[in-house]
Number of protein chains: 2
Amino acid sequence: MEETPRSGRGGGARAARRRAVAAALRLFTEHGYEATTMDDIAAAAGVSRRTLFRHFGSKEDVLFAEHDELFANVARHLAASAHDDPVTAVCAAARMVFQDYVAAPEITVPRYHLVRAVPRLRDREIAMTARYQAAFTGHLAADHTEGPRALAAEALAAAVIAAHNHVLRSWLRDPEHRVPWNRLDEAMAFVTRTLGPVFRDPGGPLEAGGPGAARNGLTGPAARPAPAGPDGSEAVLVAVYPARMDGQDVLRRVSEALGHPAG
Amino acid sequence: MEETPRSGRGGGARAARRRAVAAALRLFTEHGYEATTMDDIAAAAGVSRRTLFRHFGSKEDVLFAEHDELFANVARHLAASAHDDPVTAVCAAARMVFQDYVAAPEITVPRYHLVRAVPRLRDREIAMTARYQAAFTGHLAADHTEGPRALAAEALAAAVIAAHNHVLRSWLRDPEHRVPWNRLDEAMAFVTRTLGPVFRDPGGPLEAGGPGAARNGLTGPAARPAPAGPDGSEAVLVAVYPARMDGQDVLRRVSEALGHPAG
DNA sequence: CGATTTTCGACACGCAGTGCCATACTGGTG
DNA sequence: CACCAGTATGGCACTGCGTGTCGAAAATCG
């Protein structure tokens, strides 16, 4: 109606897409996810049912399409930054996700509440997180499916995602607050600081690193005459914490637990 | 036909259920999950389509119904053992799951391969794991949604499930091997030994425990003048390792990392 | 045996998702 | 302007999942 004069029907495919998402979000919130049909969304968006399916593929995808293309962006970003430092690239990927969420609160906030309410959507969200974790792990250790590198990659990916999700959820619950970029920065910086070196060289940097490194329990194969397994893997430790815990607090505590000074 | 004379049509509701699951498994494996319709399964099982939906609710549930009732069993077991030690109860719950899997390989093994092949089913499996983890966490710290107890519970649940899934998958890939009960025992024993004390008293048992306890980084609020967060939570460390790594190897390595002797 | 309750099967229906084809609209060419 | 690809759209029909309903048959009880 007021957008690009691409299509005579309603003003551009992009605009129609956004209208559909907005309409779906509104209808889902007002009448419930199950009670809203694709015909309802199509009518509200001013497009045909068939076009809706062409664009989004499924009813769930009306909600997660943007998230999916975000994942595709992240994946492309990771693939494109193969020359960069993998740890930095993964943290940047997490930042991309965070950026996308906070940039469109009118979409992400109601979707967050919908996902919390509808089991089907919650499962989808869980699967999504698993996909991110797999992508991060793969980018960190694409050539090592076993061994200490894969182990550190797994831990690092889990930590990055856990930290990101925690900060993100705290904002989603209270989107009126200022976007907690600082907390995300601290979370990413912490992960990079603590698990990054372990990932880059599982065999020793922490041993030769700062004071208290030996207290981490993160030791290398050369530092210990441990009976090496068939793959020579080493254990890597990562913090697990409840979703409601304050992010900065988590970071400080884990940092202390790893032997860093409290300040 | 040879079971209970309950129903004149085909020999008992239980038998019909099992026939349906078996038929679904066979058809899914032979012709694919998407290509097999509920009518096909109904015909193969000798029941009507409507009855099939009455028993299983959905197509996916034909595969996961037993898994769901297993989860219900586990949940009831946890609820019933409120008086027992929570850590022991959770480990016993993991054993129940393992027991159910190995007791019915003709179901669990083909289902495992189906789940690996069909994205839709894989997402469901991931969600299932998340449900178990939530149930374990809730049972370990039902009355503490925050604080060190919840933290330790989260870590403990994650560790138990990770260890269980690892041992289980190794058997699912090679069901001809002897059931690795010993590896599961070791996994559960290790988790109990290492994270159990931390859960039972996050404030210090490991500090006063064996040698090298301080190296764990698992310290209590009383042991450190750390600026406590609003909830007074403490960090707890848990091992994360790739699925293909040998279970015993993981256990030994993490045990070493936590300061226990290698033997 | 008859009466009640439960289970099963058959039919109809709504809705998600897909294939097919006709109809616009796009940009480029003579 | 007429013509012609290529593409996005809409309408239509169809398969399949999942559900509500109702009558019939079987199980249970007296």
Side-chain angles (χ1 to χ4, degrees), chain A residues 1-21 23-25 27-28 30-65 68-69 114 118-121 123-124, chain B residues 1-21 23-24 27-28 30-65 68 114 118-121 123-124:
Chain A
M1 291 179 179
E2 77 287 343
E3 301 278 347
T4 67
R6 172 78 177 285
S7 169
R9 283 183 190 81
R14 285 284 175 80
R17 233 181 120 88
R18 274 180 298 184
R19 257 182 300 140
V21 173
L25 240 11
L27 294 174
F28 288 163
E30 287 179 5
H31 310 121
Y33 176 78
E34 311 284 350
T36 305
T37 72
M38 286 296 265
D39 289 278
D40 299 335
I41 304 171
V47 295
S48 77
R49 197 181 89 101
R50 192 66 185 82
T51 300
L52 212 55
F53 276 108
R54 248 194 280 274
H55 283 318
F56 297 100
S58 78
K59 191 176 172 183
E60 289 182 10
D61 283 343
V62 180
L63 280 177
F64 289 102
D68 273 353
E69 83 183 37
L114 275 170
V118 182
R120 175 190 291 275
L121 302 179
D123 288 357
R124 168 95 180 219
Chain B
M1 291 180 180
E2 77 291 342
E3 302 278 347
T4 68
R6 173 80 176 284
S7 168
R9 284 185 187 81
R14 285 283 176 78
R17 232 183 121 88
R18 274 181 298 186
R19 258 182 299 140
V21 172
L27 293 174
F28 288 162
E30 287 180 4
H31 311 122
Y33 176 77
E34 311 285 350
T36 304
T37 73
M38 286 296 263
D39 289 279
D40 299 335
I41 303 172
V47 295
S48 77
R49 196 181 85 101
R50 191 64 185 84
T51 299
L52 213 55
F53 275 108
R54 232 178 239 116
H55 284 329
F56 298 99
S58 77
K59 190 176 173 183
E60 288 182 8
D61 283 343
V62 180
L63 281 177
F64 289 103
D68 274 353
L114 276 170
V118 182
R120 175 191 292 274
L121 302 179
D123 289 358
R124 168 97 181 217

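Everything quoted here is computed from the prediction, not taken from an experiment.
Atom CZ in B:Arg14 sits roughly 12 Å away from atom P in C:dT7 (whole-Å rounding). We find that CZ of A:Arg54 is positioned 11 Å from P of C:dG19, with the value rounded to whole Å. If you take NZ of B:Lys59 and P of D:dG18, they are 8 Å apart, rounded to a whole angstrom. Rounded to whole angstrom, the span from the CD1 atom of B:Ile41 across to the C1' atom of D:dG16 amounts to 12 Å. One interatomic measurement links the two molecules: CG of B:Asp40 to P of D:dT15, which rounds to 14 Å at whole-angstrom precision. Remark: P of D:dT15 and CE of B:Met38 are 19 Å apart, rounded to the nearest angstrom. Atom CG in A:Leu121 sits about 13 Å away from atom P in C:dA16, given to the nearest Å. Between B:Arg50 atom CZ and D:dA24 atom P there is a gap of 18 Å when expressed in whole angstrom units.
Formation of a donor-acceptor pair under 3.5 Å by the A:Asp123 side chain with backbone atoms of A:Arg120 is not found in this model. A distance-only check finds a donor-acceptor pair linking the side chain of B:Arg19 to the backbone of B:Ala45 [under 3.5 Å].
Among C:dG9, D:dG10, D:dC17, the nucleotide with an atom closest to any side-chain atom of B:Arg49 is D:dC17. Side chain of B:Ser48, nearest nucleotide from C:dG9, C:dG17, D:dG18: C:dG9.
B:Thr37 places none of its side-chain heavy atoms less than 4.5 Å from the side chain of B:Arg49. A heavy-atom distance below 4.5 Å is not found between the side chains of A:Thr36 and A:Glu30. Contact annotation: the side chain of B:Leu63 never approaches that of B:Phe56 to less than 4.5 Å [non-hydrogen atoms, C-beta and beyond].
Side-chain nitrogen and oxygen atoms of A:Thr51 include none within less than 4.0 Å of the OP1 or OP2 phosphate oxygen of D:dT9. Under 4.0 angstrom from either OP1 or OP2 of C:dC8 there lies at least one side-chain N or O belonging to B:His55.
Residue whose closest nucleotide on DNA chain C sits further toward the 5' end, between A:Thr37 and B:Val47: B:Val47. Between A:Gly57 and A:Ala35, it is A:Ala35 whose nearest contact on DNA chain C lies nearer the 5' terminus.
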